[in-house]
Amino acid sequence: MNTGFKRRVTPQRSFLIAGIAALAWTFSIAVVAQAGGPGVADTDVAIDQEIDALKTRIEKLESERAEERDSNRRELKKLKDKVARVGEGDKSQTDFLITGFAQTGFRDSEGSDGSFAFGSFNPILLARYRDRVLFESEIEFEVGENIDGVAETETTIGYMQVDYIVNDYLTAIAGRFILPLGTFSEKTHPAWINKMPNGPLPYAGHDSGLLPFNDLGLQARGAIPIGNTRVTYAAFVANGPSVATETAPAASTALGSAQNLAGVGPQLEFNSNISDNNSDKSFGGRLGFIPIPGVELGISGMKGAYDDAGNYDFSTLVLDAALQHSGFVDLRGEWIDTNQETDDGDIGRSGFWVQGAVKLGGIPSEPFQDALDNVPFLRRFEPVLRYSEINSDVQGDDRDQLSMGLNIYLTNTLLVKASYDSNDGDDEHGKYDAFNAQVAYGF
Amino acid sequence: MKDNTINKSTLIIISTAFALLLCAAAPATAAETKGKSGSALYADNCGRCHSERYPTERTDKHWKTIMMHMRVRAQLTGTDANKILEYLTSSN
């Protein structure tokens with residue numbers, strides 16, 4: 001069976017094809033040679049080199065990718081762990097923790113022997129339900145002295161309140177809370193925050209002074225952002241102060257014994273507000289304004305009857321200001337005015353304090369910091385200066401005090417404080433110097 | 001006896017000055033605040049009353065509780081408090 005194709009490929013034809021192929025080959029060689037290109041050998045070398053280069057490039061890319069994959073894996077593992085931890089927290093929906101502060105110290109004042117002061121231990125209990133409800137309480141353990149000079153363990157509740165987050169701008173509070181009068185009580189009284197071993201004169205310790213420290217009632221507080229600035233507010237209704245009874249020791253009343261003078265009206269009692277002594281509640285609050293970060297101005301006040309019949313008011317107006325600069329300058333102060341109505345007219349008491357502190361380590365001056373390089377420990381130092389004053393309509397009650405202090409920060413919340421107070425007053429009791437030292441820790 | 005009562009006109013003057021200051025400062029910066037990051041808000045707010053508390057001091061769960069405590073005490077808005085919480089729990 002002969003196909004037409006087989007018939008056509010005769011020996012003569014295959015010679016012809018071979019001839020043409022040979023010619024074409026010679027021709028192509030000639031063309032390449034004429035173009036001046038490399039010979040076959042040269043081309044091979046170039047190709048080999050290129051392949052090698054590609055190989056190393058691929059190898060490099062592969063190892064880079066492997067490295068990237070490993071680091072991604074590590075990141076992912078970290079994130080997974082974190083999500084798992086957060087998940088656990090969310091599952092339980094609650095949290096309970098103990099935080100707080102403690103302090104102990106030494107005090108030596110003119111006319112008395114220097115003593116190691118017992119100090120206090122102030123655990124704060126925080127119990128949270130989801131992100132809506134927080135129970136918070138500060139319990140102060142302290143050893144004091146009774147009238148006979150015998151040691152007496154004291155347990156005080158600084159505050160015990162429940163906070164309910166209503167929305168972004170409003171929190172509702174019930175219980176015993178620190179009163180939002182000025183800023184010292186609410187914001188800077190804890191020993192690790194206060195830059196002096198003692199409070200300024202108008203406070204004279206945190207539960208006696210011109211103002212009540214805490215009270216039982218209801219409070220609404222929060223913030224309203226206005227552009228880059230913030231207005232803060234707090235409004236409260238509370239039992240209010242009352243009249244001291246025989247059993248309430250004078251030491252725990254406003255200004256201590258200074259007010260316990262005959263003929264100056266009933267003695268105000270700030271610490272017996274557990275059950276109200278009259279039907280009149282006290283009202284008050286604070287408006288704060290933060291125009292730029294680091295500056296805060298506040299105005300606060302309170303008013304309400306203090307006597308059993310509910311006829312006479314105790315009222316107060318407080319202005320406060322604070323300025324921080326670059327984390328190393330801290331200036332703050334308050335002006336306090338109080339008024340107590342009595343049968344014999346009004347008794348006015350007022351006071352103010354200003355305080356400035358500078359952390360040496362934060363001073364942004366290169367030559368200064370270079371100089372500190374020789375004694376790096378000095379970077380932990382913070383000198384403080386404070387002046388405070390109280391003035392009263394009651395004869396012999398006026399006092400003023402200049403305090404010079406030095407704080408050494410061992411850590412951000414563990415510090416050693418020392419101060420020298422120079423006191424002056426209307427009467428001889430008010431004129432004395434005192435030295436205070438304290439170790440304070442916020443935990 | 002010197003008159004130490006709260007003078008009504010003093011109170012009115014102070015409150016008015018306060019309100020004016022508030023109105024003057026508010027509009028100037030209206031657009032900026034929402035864009036502030038958690039770390040910027042932390043820097044602005046967390047050193048106002050006490051020395052800085054480092055993110056590494058606490059676990060996420062405890063920061064959530066403490067930020068609720070500070071939100072109430074320092075009167076932060078919920079948005080700002082949440083941003084700061086996010087910053088603290090991503091840097092501890």
Side-chain angles (χ1 to χ4, degrees), chain A residues 82 85-86 89 95 97 99 126 128 131 134 136 163 165 167-169 171 173 186-188 190 192-193 221-223 225-234 287-289 291 293-294 296-297 299 301 315-317 319 322 324 327 337 339 345-350 391-393 409 412-413 442, chain B residues 1-7 10-11 14-15 17-19 21-34 36 40-41 43-45 47-54 57-62 64-69 71-82 85 89-90 92:
Chain A
K82 195 138 201 182
R85 265 188 286 141
V86 172
D95 184 31
L97 72 96
T99 170
L126 299 177
R128 169 173 63 81
D131 44 15
L134 181 71
E136 46 167 309
D163 310 332
I165 308 273
N167 60 37
D168 255 25
Y169 314 105
T171 302
I173 296 170
E186 249 198 350
K187 299 177 176 177
T188 54
W192 65 277
I193 302 177
R221 65 192 273 134
I226 302 175
N228 212 17
T229 68
R230 196 161 86 233
V231 173
T232 64
Y233 67 90
L287 262 182
F289 179 44
E296 179 168 2
L297 305 169
I299 179 167
S315 56
T316 179
L317 174 72
L319 299 178
Q324 280 86 40
D337 193 27
N339 185 60
D346 292 354
I347 304 171
R349 297 177 179 91
S350 63
N391 299 299
S392 170
D393 289 345
Y409 287 86
N412 56 340
T413 64
Chain B
M1 220 178 251
K2 97 183 121 136
D3 185 19
N4 240 334
T5 55
I6 299 165
N7 189 322
T10 315
L11 204 129
I14 290 166
S15 316
F18 195 79
L21 196 68
L22 210 145
C23 297
T29 45
E32 286 172 42
T33 185
K34 287 186 191 75
K36 278 212 169 177
L41 288 165
D44 282 357
N45 287 292
R48 275 201 292 125
C49 302
H50 49 69
S51 26
E52 185 181 359
R53 303 294 300 242
Y54 307 117
E57 284 182 43
R58 309 280 176 169
T59 60
D60 291 4
K61 194 174 165 182
H62 283 178
K64 195 168 171 182
T65 307
I66 287 169
M67 271 314 294
M68 216 162 143
H69 192 205
R71 168 183 177 169
V72 176
R73 188 65 66 98
Q75 293 159 297
L76 301 168
T77 63
T79 315
D80 287 0
N82 287 336
L85 176 64
T89 53
S90 64
N92 58 350

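Between the side chain of B:D44 and the backbone N or O of A:P293, no donor-acceptor pair lies under 3.5 Å. In this structure a side-chain-to-backbone donor-acceptor pair under 3.5 Å is present from A:R230 to B:Q75. The backbone N or O of B:R48 sits less than 3.5 Å from a side-chain atom of A:Q324, completing a donor-acceptor pair. Using a distance-only test at 3.5 Å, with no hydrogens or angles considered, a donor-acceptor pair links the side chain of A:R221 to the main chain of B:V72.
Considering only heavy atoms from C-beta on, A:I165 comes within 4.5 Å of B:R71 through its side chain. Side-chain contact between B:R73 and A:E136 is present, with at least one heavy-atom pair separated by less than 4.5 Å. Counting heavy atoms from C-beta on, the side chains of B:K36 and A:N228 come closer than 4.5 Å. A:L97 is listed as a side-chain neighbour of B:I66, based on a closest heavy-atom distance under 4.5 Å. Within the 4.5 Å cutoff, side-chain heavy atoms of B:K61 are placed close to those of A:D95. A heavy-atom distance below 4.5 Å is not found between the side chains of B:M68 and A:T171.
Every side-chain hydrogen bond (donor to acceptor under 3.5 Å, both in side chains) that B:R53 has, sequence neighbours left out, goes to B:E57.
Heavy atoms closer than 4.5 Å to chain B are found in the backbone of A:N167, but not in its side chain. Proximity to chain B is limited to the side chain of A:Y409, based on heavy atoms less than 4.5 angstrom apart. At a 4.5 Å heavy-atom cutoff, the contact between B:A74 and chain A is made by backbone atoms alone. B:N45 touches chain A through its side chain: at least one heavy atom from C-beta onward sits under 4.5 Å away, while N, CA, C and O do not. Using a 4.5 Å cut-off between heavy atoms, A:T188 touches chain B through its side chain atoms alone.
To the nearest 0.5 angstrom, B:L76 atom CG is 10.0 Å from A:T232 atom OG1.
Interface summary for chain B: among A:P190, A:A223, A:A234, the most heavy-atom pairs under 4.5 angstrom belong to A:A223.
Donor-acceptor pairing under 3.5 Å is recorded for the side chains of A:D168 and B:T79.
Across all non-hydrogen atoms, the minimal contact from A:I193 to B:C49 is CG2-O, 3.0 Å.
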